[in-house]
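Start at 1 and go down the list; that is how both ligands and their atoms are numbered.
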Amino acid sequence: MRRFLIWSLSILHLVKGEAVELTDMFGEMQSPSFPDSYPSDSEVTWNISVPEGFRIKLYFMHFDLESSYLCEYDYVRVESEDQVLATFCGREATDTEQTPGEQAITSPGSYMSLTFKSDFSNEERFTGFDAHYTAVDVDECLEKSDEELSCDHHCHNYIGGYYCSCRFGYLLHSDNRTCKVECSDNLFTQRNGVIISPDFPSPYPKSSDCLYRIELEEGFFITLQFEDNFDVEDHPEVSCPYDYIKIKAGLKEFGPFCGEKSPGRIETRSHSVQILFHSDNSGENGGWKLAYTAIGDPCPLVEPPLNGRIEPSQATYTFKDQVVVSCNTGYNVLKDDVESETFQIECMKDGAWSNRVPVCKMADCKQPLELAHGFVTFSTPDNLTTYQSGIQYSCQPPFYQMVPNITGIYSCDAKGVWNSAELGTGLPSCQPVCGKPRFSRSLLARIANGRYAQRGISPWIAMLHRNGHPFCGGSLLGNRWIVTAAHCLHNDLDPENPILQSSDVISPSSFTVILGKHRTHKQDDTEQHLQPKSLFFHPSYRAATLENDIALVELSEEATVNDHVIPVCFPEGPQPKNAMVIVSGWGKQFLQRLPDSLMEIEIPLTDHVVCQEAYARLQKVITEDMICAGEREGGKDACSGDSGGPMVTLNNQTGEWQLIGTVSWGDGCGLGDRYGVYSNVFLSLPWIKQVTGVEY
Ligand code: ARG
């Protein structure tokens with residue numbers, strides 16, 4: 001009842017030609033008086049509008065109008081803004097031609113109007129119509145056929161609208177539709193390169209402004225070469241209105257270029273080029289590709305120097321090209337008085353070379369270094385020192401020999417350095433010949449009881465002289481070392497606490513080493529006085545027991561090796577038992593006085609156990625570093641003043657005298673069943689060689 005009243009009100013309102021505005025998302029429209037028969041002469045229009053992005057779908061739940069030819073009497077007409085979408089009349093049961101039936105009508109846009117009209121008379125009773133509409137979403141992604149409006153890459157529909165998005169690497173342009181690329185920051189600094197439009201040879205992005213810069217050092221000239229495959233959107237009449245390439249090179253400009261004809265080759269004559277590529281928001285064109293090269297002005301031709309060559313060898317050289325000048329073997333590049341293996345020159349931007357080509361000069365080894373106690377002989381005439389010249393080093397005979405024992409032949413190598421097959425560029429040294437006295441013992445004079453030695457028989461012996469008196473002996477090693485007894489080089493120690501302190505050591509300046517000496521007190525014309533520089537005690541020397549009673553004296557100058565001054569050799573190994581040795585010195589004779597000149601004795605080495613037993617009775621210990629010598633019956637022995645002096649033996653293989661021991665101590669002198677005790681040089685040899693560096 002109530003419902004009837006509402007519709008009655010509506011009908012009252014619907015005066016002929018009246019329009020109803022509908023803006024809801026759905027709604028219902030009925031013929032006047034529905035479901036009663038509609039009145040004659042009525043006309044109602046419903047204007048339906050829905051939001052942008054929607055369409056209107058209309059369908060009839062009921063339809064019952066007077067039928068007429070072309071629906072000229074009563075009808076329902078559905079229209080969009082500018083076109084009639086349908087005209088209906090008749091009744092569903094009989095007339096299927098012009099009734100809407102099950103069919104729904106969709107508006108092309110967001111507006112639709114529905115007009116109901118009845119004419120003046122109705123023969124029958126018709127109930128009219130009941131129609132519904134709903135707003136339906138438009139899938140713009142499926143329906144936008146117009147290229148101008150569709151998404152460039154991806155389209156996303158949503159209810160009431162759509163939006164576009166771009167593939168990775170692209171940006172949505174402010175038109176919200178096209179996809180552009182960020183391509184304004186391309187800097188090329190290599191001398192060669194290839195530049196392509198984005199995605200080449202696929203179509204380039206829309207709405208983009210790409211800037212490519214080629215920046216090279218001044219002096220280069222950039223040439224661009226576009227490939228024939230060129231496709232930039234153009235226009236038949238207007239010059240490149242849409243997409244184009246423009247090139248700026250210094251003050252010059254090239255382009256705009258577009259179309260399908262490649263710009264080809266462009267010689268810019270500039271070291272700085274900017275390529276601007278613009279695309280608008282439409283078009284599918286393949287783009288372009290170019291290769292660029294940069295070259296400078298050529299430098300004049302260079303000729304290799306005499307005895308030399310240049311690399312690389314080219315027909316022309318341009319800016320930045322480098323040429324390395326090198327010389328044939330045995331020659332060096334000479335530039336500004338400096339010799340070197342190679343010299344590099346560079347073609348500069350003004351087309352001139354950075355330097356002149358240097359000359360090749362034959363390698364020169366210059367004067368060879370001198371060898372102390374040696375000399376050089378040239379094997380090439382005129383004492384030439386240039387490449388392939390030869391020299392030979394020798395040592396002054398007969399007192400010096402080469403160490404190591406080599407030929408000493410050197411030749412000047414291609415680098416200008418004296419070079420030997422044996423030592424390379426290293427030099428040998430001339431070392432004194434050891435253990436070969438210039439005078440031999442006369443066989444007649446046997447060394448019995450001890451006897452005066454012949455002059456020059458023991459040329460290695462040294463007299464240690466202090467305060468006008470000889471106090472110890474020693475032996476020459478090399479030409480600046482004396483080996484002696486450690487106890488010779490310090491003052492007497494406190495018997496209660498015989499530990500050596502540095503204050504007990506005598507000063508090197510307080511004594512003199514005399515070589516070439518023969519007579520005890522009188523001067524010899526062969527003698528050489530040498531000043532000690534430093535003293536070295538055996539690290540295991542013990543003053544209390546005289547273990548390792550051995551020390552080294554470094555001389556401040558070299559001794560002059562001559563007939564009367566010759567060093568002794570190192571021992572080759574431990575001596576056989578009972579080997580005969582010779583001991584010499586200026587020490588006391590039995591008469592408790594010094595002899596007039598050097599004395600020597602020849603005695604056998606004593607078995608270690610025998611010696612240990614002999615001294616055990618005196619509570620004295622013979623340690624491994626000690627050697628005993630002497631005859632059981634006594635008689636021949638060193639004595640006070642002989643300490644430090646040499647105990648030598650002849651090496652029969654080499655004919656060299658070698659130092660076996662240094663005089664150390666004994667109980668009395670020459671007593672029976674007592675033996676002289678000597679420090680074993682062979683055991684101290686590693687230390688001696690390390691301290692002195694002497695090698696023969
Ligand atoms: N210590 C003594 C010296 O200073 C040498 C002793 C040698 N004695 C001996 N019987 N071998 O000269």
| query | Between His487 and ligand 1, which residue portion shows a heavy-atom distance shorter than 4.0 Å: side chain, backbone, both, or neither? | reply | side chain
| What part of Cys488 sits under 4.0 Å from ligand 1 if we count only heavy atoms: the side chain, the backbone, both or neither? | neither
| So, Asn562 versus Thr560: side-chain donor-acceptor pair below 3.5 Å or not? | no
Tell me whether [X] has any N or O atom under 3.5 angstrom from an N or O of ligand 1.
X	result
Ala638	yes
Gly641	yes
Ser643	yes

Can you tell me if [X] has a non-hydrogen atom under 4.0 Å from ligand 1?
X	value
Gly587	no
Ser664	yes
Gly668	yes

| note | closest protein heavy atom to atom 11 (N) of ligand 1 is Asp637 OD1, 2.9 Å
| note | closest protein heavy atom to atom 6 (C) of ligand 1 is Trp665 CA, 3.8 Å
| request: Determine whether more than 12 heavy atoms belonging to other residues, nucleotides or ligands lie under 6.0 Å from atom CD of Gln314. | output: yes
| message | Using only atom types and a distance under 3.5 Å, with no angle test, would you say the side chain of Thr380 pairs donor to acceptor with the backbone of Gly390? | response | yes
| request: Using a strict 4.0 Å cut-off to heavy atoms of Asp642, name the atoms of ligand 1 that fall inside it. | output: 12 (O)
| task | Give the atoms of ligand 1, by number and element, whose distance to some non-hydrogen atom of Gly676 is under 4.0 Å. | result | 11 (N)
Between [X] and [Y], does the ring centroid distance fall short of 6.0 Å?
X	Y	value
His564	Phe439	yes
Tyr615	Trp665	yes
Tyr317	Trp353	yes

| request: Report the relative orientation of the aromatic rings in Phe471 and Phe511; use parallel for angles under 30°, tilted for 30 to 60°, perpendicular for over 60°. | output: perpendicular
| note | CH2 of Trp687 to OG1 of Thr692, rounded to nearest 0.5 Å, is 9.0 Å
